[in-house]
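Encoded as structure tokens, the structure appears first; notes follow it.
Just so we're on the same page: letters track the sequence lines, and every chain starts at 1. Atoms considered below: every heavy atom in the structure, side chains included; atoms not considered: hydrogens, waters and symmetry mates.
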Amino acid sequence: MKRILVTSALPYANGPIHLGHLAGAYLPADVYVRYQRMKKRDVLYICGTDEHGVPIAIAAEKQSITPQQLVDRYYADHLDTFTRFGMSFDNFSRTSRPLHHKTSQAFFQNLYNKNVLVERTVQQFYCDTCRRFLADRFVEGICPRCQQPGARGDQCEKCGSSLEQTELIKPYCKVCGHPPVLKDTRHLFFKLGDFQSRLETWLAEKKNWKENVLNYCRGWFKEGLGERAVTRDLKWGIPAPAAGYEDKMIYVWFEAPIGYISATKEWAERIGQPDKWKEYWMDSRTKLVHFIGKDNIVFHAIIWPAMIMAHGDLILPADIPANEFLNLQGEKLSTSRNYAVWLGEYLDKFPPDPLRYYLAAIAPESKDADFTWTEFQQRNNSELADILGNFINRTLTFAKRQFNGVPAAGELNDLDRAMIRVLEKAPVEIGDLFERYELRRGLTALMDVARFANKYFNDQQPWATLKTDRSRCATTINLCLHAVQTLAILMEPVLPFSAEKTWAMLGHTGSVHQQSWDEAGSLTLKPGHRLGQEQILFNKIEDKQIQPEIDRLAAASKNQPPTVAAAETPAEPAKISYDDFSRVQLRLALVLKAEKVEKADKLLRLEIQVGDEKRQIVAGIAKHYAPEQLIGKTIVVVANLQPAKIRGLESNGMLLAAEDETGQLAVLTPDRPVQCGAKVK
RNA sequence: GGCGGUGUAGCUCAGCUGGUAGAGCAGUGGAAUCAUAAUCCAUAGGUCGGGGGUUCAAGUCCCUCCGCCGCUACCA
């Protein structure tokens with residue numbers, strides 16, 4: 001391996017950065033990169049904002065600004081908060097730049113020329129009023145699954161189902177509220193399926209990849225890879241460079257990962273060696289590592305590698321350390337409910353290193369992790385302040401007061417030799433863990449060094465030997481100072497700001513970031529070396545500092561997700577005429593039989609009597625009614641609904657039920673006994 | 001219903017290819033006093049979700065059941 005290229009998933013420029021982002025894709029990558037730099041490896045760290053796509057177009061429209069203005073704002077915001085947090089990107093670019101447009105179009109054209117993009121005609125909603133096609137998220141309606149209003153064309157936020165926009169009941173245009181019409185539109189599709197066997201072969205060799213990534217891919221292979229649309233009818237994005245597609249844009253998921261390449265190119269231009277990007281992208285001796293969250297596995301482990309295979313000239317990812325998610329105080333993060341800790345707000349109140357430390361200590365490496373403010377406080381206080389910070393402080397103050405600098409070491413005893421061994425082994429042990437992306441264990445190993453050093457200090461009792469055996473005391477303090485130096489270097493990847501402060505306190509000039517990892521355990525301090533000004537490294541965090549944060553989240557947790565009905569639903573559904581209504585035939589029906597539909601959680605099969613006629617209907621009320629509760633009830637059904645097959649069973653009608661705010665259903669029945677079959681008007 | 005994950009000391013979690021149950025925090029007792037009242041030592045007797053099986057030996061493999069979490073299917 002000659003060089004390493006590291007990327008973090010491109011953050012989407014429609015909102016600020018929160019802790020969930022950091023824990024998954026950013027902090028682990030930054031630690032890895034900082035470690036590799038100190039190993040003196042050729043490593044490049046690339047990231048940038050993802051600035052195209054529908055959600056940004058919608059958000060901009062809502063705020064009555066242009067998409068460009070919106071992404072300018074969030075680009076600046078991300079860059080600022082990441083910088084304050086200590087993220088050490090070599091380049092933090094953005095996908096709206098001309099260089100990225102050019103690069104993406106060239107990539108697209110390459111695939112187009114190789115005939116792996118094929119044309120398909122699909123039906124899509126078109127809004128006559130806005131005179132444009134509506135992307136999935138631009139059309140809303142009633143969710144066909146949970147019947148709630150406000151479902152988007154791609155997904156229903158209420159029940160979490162992913163949808164096809166054409167499934168929506170009573171669709172309307174999110175912008176103007178008018179119902180759209182279905183129209184044919186042409187799109188280019190990437191023949192992902194053509195690459196399935198190559199992908200399977202490629203992934204089969206990745207023995208040491210994380211299980212979650214491999215399992216996820218196996219699942220996709222089992223389903224079979226089909227075709228994926230790569231163009232969109234949109235105005236905000238990168239124009240698709242293909243004849244007949246001038247008015248369409250490249251779909252964001254296609255061009256976003258290409259951003260890794262254009263950001264590398266931009267970096268190469270900036271350092272005045274415009275061709276240098278090729279060393280990173282076209283040389284198989286480069287190790288390409290993508291840090292992502294688990295939501296991004298499909299794109300990075302399947303689609304993107306397939307694109308690279310199709311392209312032909314680029315290297316494939318060598319590793320994709322995907323992390324799980326971070327929860328907050330036991331609940332899922334929710335940006336729409338403002339249930340999140342925003343990085344910018346955190347940094348206005350607390351220093352970056354304690355958060356870096358805590359997030360690394362609970363990194364969701366193998367399963368979802370939980371961030372709590374009290375544990376954050378506790379680990380800052382008992383680990384950073386008490387164990388690490390206090391050791392550094394007690395050593396430096398002692399050395400300065402008693403020896404006015406670094407004392408010379410004398411003869412070594414067993415304890416001294418044990419201490420030296422710990423310092424020598426630590427860079428190797430912690431390095432191995434960082435190499436394998438095991439942040440949590442790496443941090444534990446780091447703290448163990450500090451714990452051992454504290455014990456060493458205690459056992460040697462320099463405060464006692466100071467009076468009885470000054471040379472013994474000097475040896476102890478000499479080694480403690482070396483422990484401080486080792487810790488300063490080894491903490492750099494996770495605690496870069498504190499490491500730099502410690503370096504200065506040791507009286508060193510230059511930067512800790514320039515030091516060599518492999519030399520971290522060496523005894524290089526010269527006797528007589530003058531120490532710098534000591535200061536408290538980690539302040540304790542008081543209850544009263546975190547209480548407001550806990551309170552805020554508790555309040556936010558009660559927020560309802562913004563209901564579309566309240567905010568955005570176009571007033572009322574359009575009024576219908578009496579004629580329209582009279583076309584719906586509602587009748588009373590007697591439930592003769594009811595039973596659960598096998599292999600379905602929500603369905604009941606009902607046999608009903610409507611006048612003289614017996615029918616079968618299937619209703620999604622199994623979660624609300626036991627079958628026997630319904631038998632003998634007289635209910636209201638829509639009698640002239642088109643029959644449909646549901647899980648293989650024919651359903652001839654639909655029963656009516658009311659839903660309360662908690663989602664509980666109540667079946668409608670007449671207020672006094674009425675003959676079944678009677679019309680409901 | 002299917003797929004994946006998960007259920008280990010009060011809390012948060014480690015336990016890789018099977019061999020006498022671990023760490024940190026909290027708690028309790030003690031030592032020490034250089035230091036941000038910091039540190040260090042001792043102390044956890046937990047049916048490793050339940051049951052069954054394989055084995056000389058099982059948190060660790062197999063079967064089955066139960067509880068959570070995520071994705072996914074069914075709501076005319």
Side-chain angles (χ1 to χ4, degrees), chain A residues 142-148 159-162 167 169 211-212 214-216 218-220 222-223 294-295 297-298 324-325 327 332 361-362 366-370 372 374-375 378-379 381-402 438 440-441 443-444 447-448 450-466 473 476-477 480 534-540 596-605 617-624 637-638 640-657 659 665:
Chain A
I142 297 170
C143 173
R145 311 259 190 271
C146 68
Q147 308 301 326
Q148 301 239 40
C159 66
S161 308
S162 58
E167 292 181 277
I169 299 165
E211 275 300 306
N212 58 351
L214 295 174
N215 278 334
Y216 208 93
R218 285 183 198 125
W220 273 71
K222 231 170 87 184
E223 301 277 314
K294 66 178 168 187
D295 51 333
I297 293 176
V298 187
E324 307 288 314
F325 284 159
N327 293 324
K332 269 174 72 167
I362 62 166
S366 57
K367 58 180 167 188
D368 290 355
D370 193 29
T372 67
T374 46
E375 202 197 345
Q378 189 218 314
R379 298 191 75 142
N381 293 357
S382 72
E383 295 178 22
L384 287 182
D386 293 350
I387 296 174
L388 181 58
N390 182 50
F391 171 72
I392 292 171
N393 184 246
R394 72 197 290 205
T395 298
L396 291 174
T397 51
F398 196 105
K400 218 169 184 185
R401 192 166 309 151
Q402 307 305 340
E438 296 196 34
R440 306 170 68 133
R441 297 177 64 184
L443 266 201
T444 306
M447 289 310 297
D448 283 345
R451 285 194 180 93
F452 190 92
N454 268 319
K455 178 172 164 51
Y456 171 78
F457 198 114
N458 269 40
D459 292 349
Q460 295 287 45
Q461 306 186 17
W463 58 90
T465 57
L466 179 66
C473 177
T476 302
I477 294 306
C480 283
E534 74 264 22
Q535 57 172 315
I536 294 296
L537 209 48
F538 303 103
N539 287 304
K540 300 228 179 185
K596 282 213 62 168
V597 176
E598 273 191 43
K599 300 187 179 181
D601 295 347
K602 300 182 189 171
L603 298 183
L604 289 185
R605 190 186 72 84
I617 67 172
V618 176
I621 51 172
K623 290 249 160 104
H624 309 280
V637 298
V638 179
N640 61 339
L641 202 65
Q642 275 192 351
K645 279 220 164 179
I646 300 162
R647 282 215 79 85
L649 296 172
E650 186 154 310
S651 182
N652 293 297
M654 177 169 84
L655 68 75
L656 298 189
E659 183 180 35
L665 294 181

Just verifying a value: how many Å separate A/Arg379 CZ and A/Leu443 CG, rounded to the nearest 0.5 Å? 8.0 Å

If I pick the C1' atom on B/rA21 and the same atom on B/rC48, what distance separates them, to the nearest angstrom? 8 Å

For nucleotides 5-16 of chain B, 5' to 3', base contacts (B), sugar-phosphate-only contacts (S) and non-contacts (-) with protein non-hydrogen atoms under 4.0 Å give SS------SS--

Is the shortest heavy-atom distance from the side chain of A/Leu537 to the side chain of A/Asn393 under 4.5 Å? no

For nucleotides B/rC71 and B/rU36, find the distance between their C1' atoms and express it as a whole number of Å. 47 Å

Can you tell if the side chain of A/Glu534 reaches within under 4.5 Å of the side chain of A/Thr397, non-hydrogen atoms only? yes

Students often get this wrong, so: under 4.0 angstrom with heavy atoms, is A/Val638 touching a base, only sugar-phosphate, or nothing? nothing

Evaluate the ring planes of A/Phe457 and A/Phe391, with Trp represented by its six-membered ring, and classify them as parallel (under 30°), tilted (30 to 60°) or perpendicular (over 60°). perpendicular

Can you tell me how far CZ of A/Arg451 sits from CD1 of A/Ile387, rounded to the nearest 0.5 angstrom? 4.0 Å

Nearest-angstrom distance, P atom, B/rA32 to B/rG27: 22 Å

For nucleotides B/rA58 and B/rU47, find the distance between their C1' atoms and express it as a whole number of Å. 15 Å

In whole Å, measure the gap between the C1' atoms of B/rU8 and B/rA23 for me. 13 Å

Please tell me if the side chains of A/Leu396 and A/Lys400 come closer than 4.5 Å, counting only heavy atoms from C-beta onward. no

As an exercise, state the distance from CG of A/Asn390 to CG of A/Leu384, rounded to the nearest 0.5 Å. 12.5 Å

Treat primed atoms plus P, OP1 and OP2 as sugar-phosphate and everything else as base, then score nucleotides 32-42 of chain B 5' to 3': B for base contact with protein heavy atoms under 4.0 Å, S for sugar-phosphate contact only, - for none. SSBBB-SBSS-

Are any non-hydrogen side-chain atoms of A/Arg394 and A/Asn454 less than 4.5 angstrom apart? yes

C1' atom, B/rC68 versus B/rG49: distance in rounded Å? 11 Å

Sticking with atom P, work out how far B/rG30 lies from B/rC16, rounded to a whole angstrom. 39 Å

When rounded to the nearest 0.5 Å, the distance separating CZ of A/Phe538 from CD1 of A/Ile392 is 6.5 Å

Please report the interatomic distance CG(A/Asn327) to OG1(A/Thr372), rounded to the nearest 0.5 Å. 11.5 Å

Atom P, compared across B/rA42 and B/rG59: separation rounded to whole Å: 28 Å

Pair pattern of RNA chain B in dot-bracket, where unpaired bases get dots and | marks partners in another strand, Watson-Crick or G-U under 3.5 angstrom: (((((((..((((........)))).(((((.......))))).....(((((.......))))))))))))....

Side-chain touch A/Gln402/A/Ile477, heavy atoms, less than 4.5 angstrom: no

Determine if the base of B/rG4 is syn or anti; take syn to mean the glycosidic torsion is within 90° of 0. anti

